[in-house]
Amino acid sequence: MQGGTHAQVRRWVARGCLAAFVLLMVASMWAYPGGDQFDLQHDGHRFFHNFICDLFESEALNGKPNGLGAALAGLAVLVMFLGVLLPLWWYPFGENGGPRGLVIFARSAGALSTACMLLMCVEVAMRLPIEHALLALTTAGAGLVATIAVVVGGLLQPQRSWLDRGLGLAVVISAAANIIYFVSVEFGDAKLTPVLPGTQKLIAVVLIAWLSVRTRASGAQPA
């Protein structure tokens, strides 16, 4: 009974944090003064052209101050990772436990992704001398590995709905493709196009949809 109560509390916390994340990110986009990799002087935020990381900049790419937008984006990431994603990765099989090795694997990768994401927010806002592309790649890669463990856990649980499983697989496949494209642009010869930041946002939408399903499913945790 106590474990069920704790799981229910985690679900409600995850729902609240997920809603807060969406609202904070929308507010951050609204507050962003402008500028992106394709047009530094463009006014305002462009959904399919700005990277999510642009929102963390204390000075927007068009040179205008972005203190409010950066604070909102940083808070959004904080509630998302600590209130939704880290608990998801910490309990990849929910209250059912699951293979110990896979659980430890998910927790380790999830903790690494969370730490790198928080560091990346600070790095962008304060313009620290840290390689941004490598930090972003580590954040995304570790998060993908941890999410794969969660999706595998969902596939092994018959009570999970087909929508839950399908959205989870969609998140994993699309995120992996986006990471490959990112690597080809940053470390290869591929040309940067709006496809990269655009698909980044679409993946975020699919992720939010999946997390919404999981936090409302019977027996589901923020995992």
Side-chain angles (χ1 to χ4, degrees), residues 16-86 110-144 174-175 178-208 211:
C17 289
L18 190 59
F21 169 78
V22 173
L23 293 175
L24 288 167
M25 287 302 291
V26 170
S28 178
M29 292 175 187
W30 175 81
Y32 184 74
D36 55 60
Q37 298 291 335
F38 311 96
D39 184 358
L40 293 177
Q41 299 307 316
H42 190 276
D43 289 331
H45 180 272
R46 296 201 292 177
F47 188 84
F48 290 107
H49 291 76
N50 279 104
F51 286 94
I52 293 176
C53 291
D54 294 344
L55 299 174
F56 303 136
E57 295 275 5
S58 56
E59 179 181 299
L61 294 180
N62 65 359
K64 296 181 180 179
N66 183 44
L68 175 60
L72 291 169
L75 183 57
V77 166
L78 189 67
V79 299
M80 177 60 132
F81 270 77
L82 298 184
V84 186
L85 290 177
L86 190 57
L112 175 60
S113 179
T114 300
C116 289
M117 185 67 222
L118 297 179
L119 177 59
M120 186 164 61
C121 291
V122 176
E123 173 262 325
V124 173
M126 301 183 66
R127 301 180 182 274
L128 299 179
I130 301 176
E131 177 57 47
H132 178 78
L134 184 59
L135 191 57
L137 182 60
T138 304
T139 300
L144 175 61
S174 58
N178 188 260
I179 289 175
I180 292 172
Y181 184 21
F182 176 80
V183 171
S184 67
V185 169
E186 290 293 332
F187 305 103
D189 298 325
K191 181 180 179 181
L192 175 63
T193 71
V195 172
L196 186 57
T199 54
Q200 183 188 61
K201 301 291 182 57
L202 293 178
I203 292 169
V205 170
V206 177
L207 175 64
I208 291 169
L211 294 172

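Being a predicted model, the structure only gives us computed values, none of them experimental.
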CG-CG distance between L75 and L24, expressed to the nearest 0.5 angstrom: 5.0 Å
Is there a side-chain contact between Y181 and T193, using heavy atoms and a 4.5 Å cut-off? yes
Does a side-chain heavy-atom distance below 4.5 Å link M25 with I52? yes
Could you check whether any side-chain N or O of T114 sits under 3.5 Å from a backbone N or O of G110, counting only pairs where one atom can act as donor and the other as acceptor? yes
S28 and G69 have their tightest heavy-atom pair at OG-O, 2.8 Å
Is the shortest side-chain heavy-atom distance between D36 and F51 below 4.5 Å? no
For the side chain of N66 and the backbone of E57, is there at least one donor-acceptor N/O pair under 3.5 Å apart? yes
Any side-chain to backbone donor/acceptor pair from K201 onto N50? Under 3.5 Å, distance only. yes
Residue pair Q37 / H49, side-chain donor-acceptor N/O under 3.5 Å: no
So OG1 of T139 and CG of L119: to nearest 0.5 Å the spacing works out to 8.0 Å
How close do Q200 and N178 get, heavy atom to heavy atom, and via which atoms? N-ND2, 3.8 Å
Can you tell me how far CZ of F56 sits from NE2 of H132, rounded to the nearest 0.5 angstrom? 9.0 Å
Could you walk me through whether F48 and L202 satisfy the side chain to side chain contact (heavy atoms under 4.5 Å, CB included) test, starting with their C-alpha distance in whole Å, then the side-chain angles of each, then the deciding distance to 0.1 Å, before giving a yes or no? CA-CA 9 Å; F48 290 107; L202 293 178; 4.1 Å; yes
Output for pair (K64 NZ, D43 CG), nearest 0.5 Å, gives 5.0 Å
What are the two closest non-hydrogen atoms of G34 and A60, and how far apart are they? O-CB, 3.4 Å
Mind listing the closest non-hydrogen atom pair of F187 and A133 along with its distance? CZ-CB, 4.3 Å
With a 4.5 Å heavy-atom cut-off, do P197 and F38 have their side chains touching? yes
So how far is it from C116 SG to L135 CG, rounded to the nearest 0.5 Å? 5.5 Å
For V77 and C121, work out which heavy atoms get closest and say how close. CG1-SG, 3.9 Å
Residue pair I203 / S174: nearest heavy atoms and the distance that separates them: CD1-O, 3.3 Å
So, taking the atom named CE in M120 and the one named CG in L134, what distance separates them when rounded to the nearest 0.5 Å? 11.0 Å
Does a side-chain heavy-atom distance below 4.5 Å link Y32 with L61? yes
Between S58 and G67, is there a donor-acceptor pair closer than 3.5 Å when you use the side chain of the first and the backbone of the second? no
Any K191 side-chain heavy atom under 4.5 Å of V185 side chain: no
Pair D39, N62 - check side chain to side chain contact (heavy atoms under 4.5 Å, CB included), show working. CA-CA 9 Å; D39 184 358; N62 65 359; over 6 Å; no
Any side-chain heavy atom of L55 sitting closer than 4.5 Å to one from H45? yes
